[in-house]
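Structure first, commentary second.
No hydrogens, no waters, no symmetry mates; every other heavy atom, side chains included, goes into these values. Being a predicted model, the structure only gives us computed values, none of them experimental. By convention in this document, chain letters (A, B, ...) are assigned in the order of the sequence lines, proteins followed by strands, and residues within each chain are numbered from 1.
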Amino acid sequence: MTGMLPLSEAPYAAGRTSDFSETYRRAYRWMLLARVAEEKIASLYRGGKITGGVFVGRGQEAISVATGIALRDGDIFAPLIRDQAGRLAFGESLLDFTLTYLGARSGPMRGRDGNVHRGRPKEGLLPMISHLGAMGSVVNGMLLAHRFQGKKHTVGAVSLGDGATSTGAFHEFINQAAVEKLPLVLVITNNQFAYSTPTNRQFVCADLVDKAIGYGVTGHSVDGTDLAACLQTIGGAVQTARDGGGPQFVVATSLRLAGHGEHDDSHYIPPQLKETHLGRDCLSVAEEHILSQKWADATTVEAWHRDSHTQVEEAVAHSLREAAPDPAREDWCALSSRHLQEGPELHPPLKY
Amino acid sequence: MTGMLPLSEAPYAAGRTSDFSETYRRAYRWMLLARVAEEKIASLYRGGKITGGVFVGRGQEAISVATGIALRDGDIFAPLIRDQAGRLAFGESLLDFTLTYLGARSGPMRGRDGNVHRGRPKEGLLPMISHLGAMGSVVNGMLLAHRFQGKKHTVGAVSLGDGATSTGAFHEFINQAAVEKLPLVLVITNNQFAYSTPTNRQFVCADLVDKAIGYGVTGHSVDGTDLAACLQTIGGAVQTARDGGGPQFVVATSLRLAGHGEHDDSHYIPPQLKETHLGRDCLSVAEEHILSQKWADATTVEAWHRDSHTQVEEAVAHSLREAAPDPAREDWCALSSRHLQEGPELHPPLKY
Amino acid sequence: MITYLEAIREAQSEALEKDPRVYIYGQDIGNFGGAFKATKNLAQRFPGRVLDSPISEDAMMGSAIGAAMQGMRPIVEMQFADFSTVGFNQIVNQAATLFWRSGVSCPITVRLPSGGTPGSGPFHSQSLEAIYAHYPGLIILTPATVEDAYSMLLEAVAIEDPVIFCEHKYLYYHLKAPSLPKEALPVGKARIARAGRDATVVTYSAMVHEALAAADELATEGWEIEVIDLRSIKPLDTDTVLASVARTGRILAVGEAWPWGGVTAEVLARVATEGFNLLDAPPMRLNSKDTPVPFHPNLWGTHRPTARTISLALRELLRA
Amino acid sequence: MITYLEAIREAQSEALEKDPRVYIYGQDIGNFGGAFKATKNLAQRFPGRVLDSPISEDAMMGSAIGAAMQGMRPIVEMQFADFSTVGFNQIVNQAATLFWRSGVSCPITVRLPSGGTPGSGPFHSQSLEAIYAHYPGLIILTPATVEDAYSMLLEAVAIEDPVIFCEHKYLYYHLKAPSLPKEALPVGKARIARAGRDATVVTYSAMVHEALAAADELATEGWEIEVIDLRSIKPLDTDTVLASVARTGRILAVGEAWPWGGVTAEVLARVATEGFNLLDAPPMRLNSKDTPVPFHPNLWGTHRPTARTISLALRELLRA
Ligand SMILES: Cc1ncc(C[n+]2csc(CCOP(=O)(O)OP(=O)(O)O)c2C)c(N)n1
Ligand SMILES: Cc1ncc(C[n+]2csc(CCOP(=O)(O)OP(=O)(O)O)c2C)c(N)n1
Ligand SMILES: [Mg+2]
Ligand SMILES: [Mg+2]
């Protein structure tokens, strides 16, 4: 149950259906599941049941899901803290999410790391380190390895925020991808804030996508509140990269509809901003679109909601029953070559 | 004699004369002096008289001098390894150059640092650390200090190579300058190589100046082999920054007409490249221009050459007579707060 | 009562108030008041002097160095000590070498919210004091008390050299004092946090409190443990340590950081070389385990030294 | 005769030859063969497997980590150890934590041309082994001989974990051996470079040769000095050190790096805690001075330990 689902078996897998409404529906359902799951964890957080921070993707699920759903087995995805929708679409099981947030020993990070810092690198899902921008060059290296190994038509997607574009690491990795002509898709979610900091303290270019030309890569802009646009633009960018078009630089605009983390009331976000087009909730917009297009009727959508809640409740219930990590069973070994690990002799040989 | 000359007293100070030919002549003389000085040190290097590396600016003196000559007292200049012409024009004495290269205790770095790693920060001339890109944000900070202190109309100029644009530090500092709207002038000398590496392994944008738009700063391109163009473009950029126009991003093209250092025969530079416009020697071009414009006659130019040689010979002779650093007179103290320095007690108290 | 965090805020407020050369630079420190609220209301009270930086640690550090060279007294807040690794080069190669190379001093203060708290995980828990202490040209302060958080931060701003100010996040809200001090020991002097005659524990920062708790526990068994709070780990007050060992004959060095080359190694190397004959028993050390800092509280509580493991070590030391 | 540098080139050549997973990445290492010519002709012999990188140390390290995760065995050449400070975060936070966090190993080798040579100055001379050793999850090798440069580099590539390979620039051309070894001590085992019974010098890298010269000098006075070459400083072979101290009763730890928290601190802390009763005299240590590495040869020669200062320290140790 834990771990990654083969994408073909994932309940709402995108497949490569030519039926756009089918893709849209699947994407919507991942977004919905992510939203429900994150709301559940947030409510557990408010109830004091979560250790550490909780970070949610509210308002940018469309961008995230469009990234995850465009990827296939063999591709690589480096999500960030707000990518629950994309993770699910890429194949991360809900249990990896709940087990990690709830600190179960059986989670993929075994209690060693927590919350958003999880992944299954063997299956192409990278466990982020916190340092912003640092995952991009790692994806470059994985794509370089694919090239060495003769694996063709794989793609690597990297998620980044507006704030992270100020890091030197961002600059070095997108430039490296350009020089090596790697099939890298960089999806920048400009949600207008980096923690409390508005974008005008991060950059002053007229449009973030203006950076693409300076790296010699293809730039794309997309309305991140519009799932159809995201699926098309990000899906298209992924396909272009897959077909040998080199690095793709996507800037998607949205508004962070939550605090930086659940500890943060985001009082600094001007209420007027929430009233603008940017402040639209991509999930409601997508739901309305499905209904208006008659891609599903209200009863079906209602059932999807119920199903998401059921899945989340089950995953949480299961995870709460799991054992916490036991320090006595921990091997305290940071090396794969166990015989080279140092440690115990530096401590007094305690008898306990 | 050592140290910085007040710019007004420097023998070929640019002043702010409206006579362009006068500025051009002065600039040419600094270029010539730099060339002669570097050739002298290179020949001493070949004779085994120099410790450490020797790095010269051959082929890019026009760019460098145009930067240095546009600056005034109170401005800041962060030169790199090929900026001898700009340093002289900014006011660095020739003795600082020869004393440092020859390892004299009386040089500005007192033998603690050498060759191109010299400066007089109190006078606005920064002593570079080796890590490429690292000086830019330091200049930003100095300009920020000026702003705090109410000093107006000062400018900071940062010199960078094509290779250094690949560093994260470069990205962070130019972006920081843009966000803070600092009077920073970044002069990138694209001399086609970073050590042995051609530019196509550093970046793949069509033109380096395309990066400017991504930072929201003004871009300028200039032919680095043409002194008049450099004086106009770089001088103009400095003036714009001084007048409140924010950071200026100048890309000057040339060819490195030397090895990376004097140890390097630069066999990897294709001979054909030297035959192109890029491969023109800016110093000869400038000299021909002066003669053809009749801004000076051949006898005068000849006298300038002699004068440069005399100055260099005197500086070298003086420097060779200076004492080398004496470890016994060194205080081995890395802190300004001497009482907080650690050290001796970690060594056995040797009696010698 | 004033907390450790409030003391840090108070010191910054006072520095801004008294010295026009002081400004603060860091992520989210302006109107928002910082991730931990260490600069709450300061931007409002000192307009234009508490600046939000982009997420550019290298440029943050570089610009602080430049401003310091031009006569300012910047305080840089890293959002977490762990993120200083991306501003590392400017700290260790630019700031730390400037005075020695050029004779121009570099009075910057870098605030590093350091150390572990439950649930913070591998990248929001690090204790990097030993990393910075290895480099010449830096001063490393590690306040363990509310009083020191306040007075040492003020002193850091006054010092002409780059100061790495390792403030411990675990103490931010936990630790309280009735008031701020009027005077303090100077930087470079260690403090005897508890006097004793049977053994010396040398430690710093949050571990001082674990050591004091261990000493309390051993006191119930009749042992008198001396606890030394180093306060600054570079310079490190070897004299005070040696004087204590001269009295007790036994030493345990405790640090929350990783073992290899940490403060405990440096302390014991000094005691062994300079105070060998003062020792009645082999010296001991206790550090965190040699793995990244774990996220889960169960693991975290075992990864770092605690009052319990310090007591166990002390009992062994006293038996030796 | 083969030099230390040639041994490094030979090991890389052999690794490329034998293991299709190996590739090399660094600045100017392709057709140019590297700043020190450590990869001379390798790009020509192994097309597409010796890649010139942009001047992007962070991305260089990050991409090597990614490639390793996907089954490659990258060797990264830093042009100078000193420049690894801008790739630091990827090394200490990405590479070093990966296995512990995710169970996926990170077999990368980072070659750091390390240590001082006359005229190299503060930014081309650094010895950063202690910095990396402080972090869990890294293995730090410090070969002192031509044979070790060769065999340990081959072993580094074979190891499943990130290896920081500190090769000493001073030895590149100076040090020669008649041939390359067929077998070698495993990583983690120190070597007795010279047997003796009067005192032990524990050191590594270029300082092994200074220590051996000092031992030669003292031999003319009748003293037999044992010299231990640690070979790897993490893991550090405490057993071999203690066994030697058990024989000699006296120890001097020598390192070219800065004193605070360096190898000498770690060695003496281990000896003091685990071998206290073996010591007949206070242990001693000798390091570089606590300033940046000076440019001028006169200053440089005094900044670092030399045969002369090691001899002086040993005489004092033997008198104690
Ligand atoms: C190098 C670095 N510096 C600081 C931080 C602390 N930090 C974590 S998230 C964040 C804001 C990120 O903003 P953005 O990139 O826009 O992403 P968003 O949170 O909006 O999704 C900051 C400053 C970090 N993780 N890494
Ligand atoms: C961060 C960093 N990495 C590597 C080096 C080594 N290095 C010194 S100069 C140089 C080439 C620089 O090329 P470029 O920026 O084009 O300047 P140029 O030498 O052509 O003037 C390199 C790689 C360095 N100084 N700093
Ligand atoms: Mg954002
Ligand atoms: Mg160049």
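Between B:E330 and C:W100, the closest heavy-atom pair is OE2-NE1, 4.1 Å. Of all heavy-atom pairs between B:M142 and C:G66, the closest is CG-O, 3.2 Å.
Taking NZ of C:K234 as the reference point, atom CD of B:E342 lies at 6.0 Å (rounded to 0.5 Å). Between the CZ atom in C:R101 and the CZ atom in B:R118 there is a gap of 12.0 Å [rounded to 0.5 Å]. To the nearest 0.5 Å, atoms CG (B:L335) and CG (C:D161) are separated by 4.5 Å. Note that CG of C:N89 and OG1 of B:T167 are 10.0 Å apart. Values are rounded to the nearest 0.5 Å.
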Evaluate C:M60 against B:E172 for side chain to side chain contact (heavy atoms under 4.5 Å, CB included), listing each step before the verdict.
CA-CA 9 Å; C:M60 284 162 65; B:E172 293 195 3; over 6 Å; no
Residues B:L144, C:M72; criterion side chain to side chain contact (heavy atoms under 4.5 Å, CB included); working and verdict
CA-CA 9 Å; B:L144 214 53; C:M72 302 297 290; over 6 Å; no
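Using bins of under 30°, 30° to 60° and over 60° for the plane-to-plane angle, the ring pair B:F148/C:Y23 lands in the tilted bin.
Only the backbone of C:L138 comes within contact range of chain B, with at least one heavy atom under 4.5 Å from a heavy atom of that chain. Both the backbone and the side chain of C:E160 have a heavy atom closer than 4.5 Å to some heavy atom of chain B. Heavy atoms of C:V187 lying under 4.5 Å from chain B belong to its backbone as well as its side chain. Interface residue B:H146: only side-chain heavy atoms are found under 4.5 Å from chain C. If you measure heavy-atom distances from B:L143 to chain C, you find no contacts under 4.5 Å at all.
The choice from C:N93, C:V86, C:V104, C:I55 that makes the most heavy-atom pairs within less than 4.5 Å of chain B is C:N93. Chain C forms more heavy-atom pairs under 4.5 Å with one residue of B:G168, B:A177, B:G119, B:C333 than with any other, namely B:C333. With respect to chain C, the highest number of heavy-atom pairs below 4.5 Å among B:A169, B:S137, B:G156 belongs to B:S137. Ranked by heavy-atom pairs under 4.5 Å with chain B, the first of C:A59, C:A96, C:P186, C:A67 is C:A59. Note: B:P127 leads B:P127, B:G133, B:G136 in heavy-atom pairs under 4.5 Å with chain C. Each of B:Q149, B:R110, B:K151, B:Q176 has some count of heavy-atom pairs under 4.5 Å with chain C, and the biggest count is that of B:Q176. Chain C forms the most heavy-atom pairs under 4.5 Å with one residue out of B:E180, B:H131, B:M135, and that residue is B:H131. Contacts with chain B were tallied for C:S102, C:G188, C:G48; C:S102 has the most, counting heavy-atom pairs under 4.5 Å.
Side-chain polar atoms of C:S63 and B:N140 form no donor-acceptor pair below 3.5 angstrom.
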